[in-house]
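This report concerns only the one structure given below.
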Amino acid sequence: SGQTYISLSDSIDSYNQCWIRYSNNTFSVVLGYEDWPVVSVTWFGSKAFAEYYGWDLPREAEWEYACRSGQSYKYGTNDGKISSFQANYDYYGSVGPYHPVIVGSYRSNSFGLGDMSGNVWEWCSDWYGVYDTLAATDPTGPQSGALKVIRGGGWYGTDWVCRSTYRSPYTPGIGSLMIGFRVVSRQL
């Protein structure tokens, strides 16, 4: 497609690396790192990986619903609260381990999803735009734009950015050591 998928040059140590490879139109995961979050992957790489396996990236509304476990939780943790025992976050406040950790290191939310708050930001399929002021069910956001939505906060951010409602814009063609992705299945 002519787009950058993975920023392998971002790797700085044994924790902060991309554990997927793309070669000859095939994605693979580095053996022994199947349970680590993927980082340094662009939105285009995340989308291509998901589609390669018949999945997709979550829409922003889907991501938030999953984070909140269908409830009014402030954080995507087992009880909707956040602490260093529930999520990998707050690099600047010296709470976390200063890098992504293995998926499932913290208790899952009531939907069985781990690391919805903290660890790594996650790409959403939506383009970033200002929310409409009208109430909506499963909004999809703008149909085009320059920036994509990331959600969830990360290992380096404060609890504020780990909130289930917090969203941030990011350039889809740039990977980061702090951004990964989660896939969804649209099949019933």
Side-chain angles (χ1 to χ4, degrees), residues 1-8 10 17-70 76-77 87-88 100-129 137-145 147-155 162 164 166-188:
S1 72
Q3 297 292 341
T4 299
Y5 281 178
I6 300 170
S7 302
L8 294 176
D10 282 349
Q17 306 188 28
C18 182
W19 300 114
I20 60 173
R21 301 291 183 258
Y22 180 74
S23 179
N24 299 321
N25 295 320
T26 303
F27 286 96
S28 61
V29 178
V30 176
L31 291 177
Y33 293 94
E34 297 88 348
D35 293 330
W36 280 86
V38 174
V39 295
S40 300
V41 62
T42 67
W43 180 88
F44 296 106
S46 301
K47 180 78 169 170
F49 180 92
E51 289 177 348
Y52 180 82
Y53 288 101
W55 302 319
D56 201 354
L57 297 178
R59 292 186 304 267
E60 189 175 6
E62 291 174 321
W63 189 96
E64 186 173 327
Y65 182 79
C67 182
R68 291 175 175 258
S69 306
T77 60
N88 181 18
V101 296
I102 195 166
V103 174
S105 294
Y106 300 93
R107 288 182 59 192
S108 299
N109 68 17
S110 62
F111 279 179
L113 302 170
D115 304 317
M116 293 298 295
S117 290
N119 217 16
V120 297
W121 288 89
E122 297 175 356
W123 290 109
C124 292
S125 62
D126 296 277
W127 292 101
Y128 185 83
T137 300
D138 197 16
T140 58
Q143 299 306 304
S144 64
L147 302 169
K148 287 290 188 176
V149 174
I150 56 174
R151 291 286 203 119
W155 55 268
C162 293
S164 57
Y166 193 86
R167 56 200 295 264
S168 187
Y170 204 82
T171 305
I174 298 176
S176 167
L177 291 172
M178 289 71 136
I179 302 174
F181 64 98
R182 176 181 308 261
V183 297
V184 295
S185 173
R186 302 217 189 278
Q187 301 171 0
L188 296 176

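Heavy atoms only: backbone and side chains are in, while hydrogens, waters and symmetry mates are out.
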Problem - W121 CH2 to L177 CG distance, which is reported to the nearest 0.5 Å - result: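 Rounded to the nearest 0.5 Å, the CH2-CG separation comes out at 15.0 Å.
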Exercise for the section: Hey, could you give me the OG/CZ distance between S164 and R151, rounded to the nearest 0.5 Å? Expected result: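 It comes to 7.5 Å.
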Practice task
Apply the ring pair (Phe, Tyr, Trp, His ring centres under 6.0 Å) test between F27 and each candidate in F49, W19, W55; give the one that qualifies.
Solution key: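 Answer after filtering F49, W19, W55: F49.
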Practice task
Give me the ring orientation class for W123 and Y170: parallel if the planes are under 30° apart, tilted from 30 to 60°, perpendicular past 60°.
Solution key: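 Correct class here is perpendicular.
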Return the minimal non-hydrogen interatomic distance between [X] and [Y], and the atom names on each side.
{"X": "S110", "Y": "S69", "result": "OG-CB, 3.0 Å"}
{"X": "C67", "Y": "N109", "result": "O-ND2, 3.4 Å"}
{"X": "P58", "Y": "V184", "result": "CB-CG1, 3.7 Å"}
{"X": "P169", "Y": "Y128", "result": "CB-CG, 3.5 Å"}
{"X": "V120", "Y": "W155", "result": "CG1-CD1, 4.4 Å"}

So [Y] and [X], do their side chains get closer than 4.5 Å, heavy atoms only?
{"X": "Y53", "Y": "V183", "answer": "no"}
{"X": "F181", "Y": "L57", "answer": "yes"}
{"X": "V39", "Y": "P100", "answer": "yes"}
{"X": "S108", "Y": "L113", "answer": "no"}
{"X": "I179", "Y": "W43", "answer": "no"}
{"X": "M116", "Y": "W63", "answer": "yes"}
{"X": "E64", "Y": "R167", "answer": "no"}
{"X": "V101", "Y": "Y106", "answer": "yes"}

I'd like to know if the side chain of [X] reaches the main chain of [Y], judged simply by a donor and an acceptor atom lying under 3.5 Å from each other, with no hydrogens or angles considered.
{"X": "E62", "Y": "E60", "answer": "no"}
{"X": "T42", "Y": "G173", "answer": "no"}
{"X": "K148", "Y": "S125", "answer": "yes"}
{"X": "R107", "Y": "T77", "answer": "no"}

Problem - side-chain contact (heavy atoms from CB on, under 4.5 Å) evaluation trace for L147 with T171 - result: CA-CA 5 Å; L147 302 169; T171 305; 3.7 Å; yes
Practice task
Check step by step if side-chain contact (heavy atoms from CB on, under 4.5 Å) holds for V29 and R21.
Solution key: CA-CA 6 Å; V29 178; R21 301 291 183 258; over 6 Å; no
